[in-house]
Amino acid sequence: MDTFTACVVASCIVFISVVLTLYRFFTRFSNSDYAARVSSIHIFPVKSVGGFTADEWYVTEYGLAKDRRWMVVKEGKQGFRFYTQRECPKLALISAKLSKDLSQLILYSENHPDITLRDDDQVREGDATRKVEIWGKMCNSVDCGDQVADWISNIIGTNVRLVRVPDASHVREGGEEYLKPFLDLIPKPVNNTGFADGYPLLLASMTSTRDVRLRAKNDLDVVRFRPNIVVEGAKRVYEEDEWHTLRIGEQNMIFYNVKPCARCTIPNVNPNTGKKDLDLRSVISQYRHDELLENPIFAINLVHSTSCLGKKLKVGDKVYVEKTQPVRSFVKPK
């Protein structure tokens with residue numbers, strides 16, 4: 001091959017490479033090879049009680065709008081602390097919903113009259129504020145009063161209070177050790193979570209849920225895992241472990257997989273009966289006991305980018321994987 005021909009061939013190769021690179025860049029947001037679709041959206045206004053589903057829902061700096069904005073607390077030696085289905089499975093007998101204009105919280109339970117509370121994200125004169133503890137960290141809250149405290153206490157059989165996030169200036173950051181790669185990409189304050197355990201959003205895959213059903217020999221409802229986003233259509237079980245960066249919906253909302261969700265005993269509770277009828281933690285631990293977290297894992301914790309704020313997640317939204325990450329390492333539990 002003479003010099004001229006070699007130069008022409010080399011130039012063609014460079015040109016084709018540039019064209020392919022530009023094509024991939026400009027078509028990355030129209031990629032038809034999506035990983036899954038959003039099959040359901042779940043909002044839990046009150047931490048550790050039943051919630052509701054929606055066909056579409058706004059994303060705010062806290063995660064899904066109104067998610068985990070209220071919380072049941074119980075007084076102990078060190079003050080008021082979050083109180084969940086881990087200690088009290090009967091909390092599953094209570095459910096929460098919102099009025100159509102989102103201005104009121106409505107709590108309901110079988111054989112009990114509904115109770116309604118205002119929700120204006122304001123601290124008004126006469127409101128009782130109190131410090132409450134979640135996983136060793138203190139945050140401010142507003143007490144919701146004696147009437148609702150008595151209503152909940154009567155159903156679950158122990159004295160508790162209900163508190164809410166005080167106002168729009170509420171700050172409760174968490175999980176900082178896992179957030180370093182995302183600090184410049186997510187809303188500030190970093191990972192402000194309302195009253196969620198650690199992160200604003202939880203995503204579960206129905207493909208993986210069906211695998212748990214087979215292993216547990218129970219047609220369990222995915223709501224036991226209390227996910228905000230449920231997806232359908234993943235080709236492999238636990239494929240979501242490898243998803244690092246997700247783009248969801250036509251508005252190109254970006255979410256990041258911070259870490260897998262270490263499972264506690266709450267999924268053991270039947271949400272319909274308020275009783276523990278499975279040992280899902282042990283079932284999952286037999287094959288998905290994470291070496292680093294030293295716990296069984298299922299579903300993934302997400303943080304959202306600033307691109308999501310004020311936009312709506314919708315059932316049917318396509319989920320694209322923009323970036324993947326290595327598979328987790330599993331060990332036999334000790």
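For the single chain, residues carry numbers from 1 onward in sequence order. The structure presented is a predicted model; accordingly, all values stated were derived computationally and were not measured.
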Practice item. For the residue pair R263 and L280, establish whether any side-chain heavy-atom pair is separated by less than 4.5 Å. Key: no

Review point. Testing R86, K137, R226 for salt bridge (Lys or Arg N to Asp or Glu O under 4.0 Å) with D197, which one passes?
Key: R86

Exercise for review: Considering only NZ, NE, NH1 and NH2 on the basic side and carboxylate oxygens on the acidic side, decide whether E250 and K311 come within less than 4.0 Å.
Suggested key: no

Review point. Has K97 got its NZ or CZ under 6.0 Å from the middle of the six-membered ring of Y108, at an angle within 45 degrees of the ring axis?
Key: yes

Exercise for review: Measure from NZ or CZ of R247 to the centre of the six-membered ring of Y320, then state whether that distance is under 6.0 Å and the direction lies within 45° of the axis.
Suggested key: yes

Check your understanding: Between M253 and D317, which heavy-atom pair has the shortest distance, and what is it?
Key -> CE-OD2, 4.4 Å

**Study point:** Sub-4.5 Å side-chain heavy-atom contact between L246 and L203
**Key:** yes

Check your understanding: Which heavy atom of C264 sits nearest a heavy atom of P267, and at what distance?
Key -> O-CD, 3.4 Å

Check your understanding: Does F52 share a hydrophobic cluster with I115, counting links as ILVMFWY side-chain heavy atoms below 4.5 Å and allowing steps through other members?
Key -> yes

Check your understanding: Which atoms form the tightest heavy-atom contact between I284 and I297, and what is the distance?
Key -> CG2-O, 3.4 Å

Check your understanding: Is it true that a side-chain atom of D290 and a backbone atom of N295 form a donor plus acceptor pair closer than 3.5 Å?
Key -> no

Study note, to complete from the structure: Taken to the nearest 0.5 Å, the spacing of S205 OG from D211 CG works out to 10.0 Å

Review point. Can you tell if the side chain of R130 reaches within under 4.5 Å of the side chain of V163, non-hydrogen atoms only?
Key: yes

**Study point:** Neighbour count >12 (heavy atoms, 6.0 Å) for atom NZ, K276
**Key:** yes

Check your understanding: When you look at R161 and I152, which way does the side-chain contact (heavy atoms from CB on, under 4.5 Å) test go after all the steps?
Key -> CA-CA 8 Å; R161 307 291 298 182; I152 297 172; over 6 Å; no

Review point. Are L202 and V231 connected, step by step, through hydrophobic side chains (Ile, Leu, Val, Met, Phe, Trp, Tyr) whose heavy atoms are closer than 4.5 Å?
Key: no

Revision key, fill the gap. In short, E239 meets R236 closest at the heavy-atom pair OE1-N, 3.1 Å

Exercise for review: Answer yes or no: is there a donor N or O on one side and an acceptor on the other, between the side chain of R288 and the main chain of P296, under 3.5 Å?
Suggested key: no

Review point. Do the charged groups of D143 and R164 touch, with an N to O distance under 4.0 Å?
Key: no

Study note, to complete from the structure: In this structure, CD1 of I43 is separated from CZ of R69 (nearest 0.5 Å) by 14.0 Å

Practice item. Go through the steps for I155 and K90 under the test side-chain contact (heavy atoms from CB on, under 4.5 Å), then give the verdict. Key: CA-CA 8 Å; I155 293 172; K90 284 185 177 180; 5.9 Å; no

Check your understanding: Just wondering, do L220 and F225 contact through their side chains at under 4.5 Å, heavy atoms?
Key -> yes

Point to revise | Hydrophobic cluster membership, V315 vs I248, 4.5 Å side-chain cutoff | key: yes

Review point. Taking the six-membered ring of Y287 as reference, does the NZ or CZ atom of R215 fall below 6.0 Å from its centre and within a 45° cone about the axis?
Key: yes

Review point. For A204 and P227, which heavy atoms make the closest approach, and how far apart are they?
Key: CB-CB, 3.9 Å

Review point. R68 side chain to F195 main-chain N or O, any donor-acceptor pair under 3.5 Å?
Key: no

Review point. Heavy atoms, side chains only, cut-off 4.5 Å: are L302 and N257 in contact?
Key: yes

Check your understanding: Does the side-chain contact (heavy atoms from CB on, under 4.5 Å) test come out yes or no for L91 and I156, once each step is laid out?
Key -> CA-CA 6 Å; L91 281 169; I156 67 175; 4.0 Å; yes

Point to revise | Interatomic distance, I229 atom CD1 to L313 atom CG [nearest 0.5 angstrom] | key: 5.0 Å

Point to revise | Least distance between heavy atoms, L105 atom then A96 atom | key: CD1-CB, 3.9 Å

Review point. Does any N or O in the side chain of W151 come within less than 3.5 Å of the main-chain N or O of P113, such that one atom is a donor and the other an acceptor?
Key: yes

Review point. Is the backbone N or O of L64 less than 3.5 Å from a side-chain atom of H304, with the two atoms forming a donor-acceptor pair by type?
Key: no

**Study point:** Euclidean distance, L162 CG relative to D146 CG, rounded to 0.5 Å
**Key:** 12.0 Å

**Study point:** Minimum side-chain heavy-atom gap I94-V46 below 4.5 Å
**Key:** no

Exercise for review: Taking R37 for its side chain and G316 for its backbone only, find out whether a donor-acceptor pair lies under 3.5 Å.
Suggested key: yes

Check your understanding: So, the side chain of S109 versus the backbone of L93: is there a donor-acceptor pair under 3.5 Å, distance only?
Key -> yes

Check your understanding: Hey, what do you get for CZ (F330) to OH (Y238), rounding to the nearest 0.5 Å?
Key -> 9.0 Å

**Study point:** Candidates S305, P200, C308, S307 - the one meeting side chain to side chain contact (heavy atoms under 4.5 Å, CB included) with F255
**Key:** C308

Check your understanding: Does D277 CG have over 12 foreign heavy atoms under 6.0 Å away?
Key -> yes

Review point. Does F82 reach the side chain of E133, with side-chain heavy atoms less than 4.5 Å apart?
Key: yes

**Study point:** Stepwise side-chain hydrogen bond (donor to acceptor under 3.5 Å, both in side chains) check, K131 with N140
**Key:** CA-CA 5 Å; K131 290 278 189 180; N140 294 322; 3.1 Å; yes

**Study point:** NZ or CZ of K74 within 45° of Y83 ring axis and under 6.0 Å
**Key:** yes

Check your understanding: Going through the distances and angles, do E240 and S208 end up as a side-chain hydrogen bond (donor to acceptor under 3.5 Å, both in side chains)?
Key -> CA-CA 9 Å; E240 62 275 16; S208 303; 2.8 Å; yes

Review point. Are W135 and V73 in one and the same hydrophobic cluster, where Ile, Leu, Val, Met, Phe, Trp and Tyr link if side-chain heavy atoms are under 4.5 Å apart?
Key: yes

Point to revise | Flag side-chain contact, heavy atom, 4.5 Å: T129 against P166 | key: no

Point to revise | Gap between atom CD of Q104 and atom CG of L98 - 0.5 Å precision | key: 10.0 Å

Point to revise | Test side-chain contact (heavy atoms from CB on, under 4.5 Å) applied to V72 and S48, step by step | key: CA-CA 8 Å; V72 177; S48 216; over 6 Å; no

Review point. If only atom types and distance count, is the side chain of N228 paired as donor or acceptor with the main-chain N or O of H42 below 3.5 Å?
Key: yes

Review point. Is V160 linked to W70 within one hydrophobic cluster, defined over Ile, Leu, Val, Met, Phe, Trp and Tyr using a side-chain heavy-atom separation of less than 4.5 Å?
Key: yes

Exercise for review: For D221, look at atom CG and say whether over 12 heavy atoms of other residues, nucleotides or ligands are found less than 6.0 Å away.
Suggested key: yes

Exercise for review: Kindly say whether F44 contributes a backbone atom to a donor-acceptor pair with the side chain of D67 at under 3.5 angstrom?
Suggested key: yes

**Study point:** Donor-acceptor contact present, side-chain S329 to main-chain E291, <3.5 Å
**Key:** no

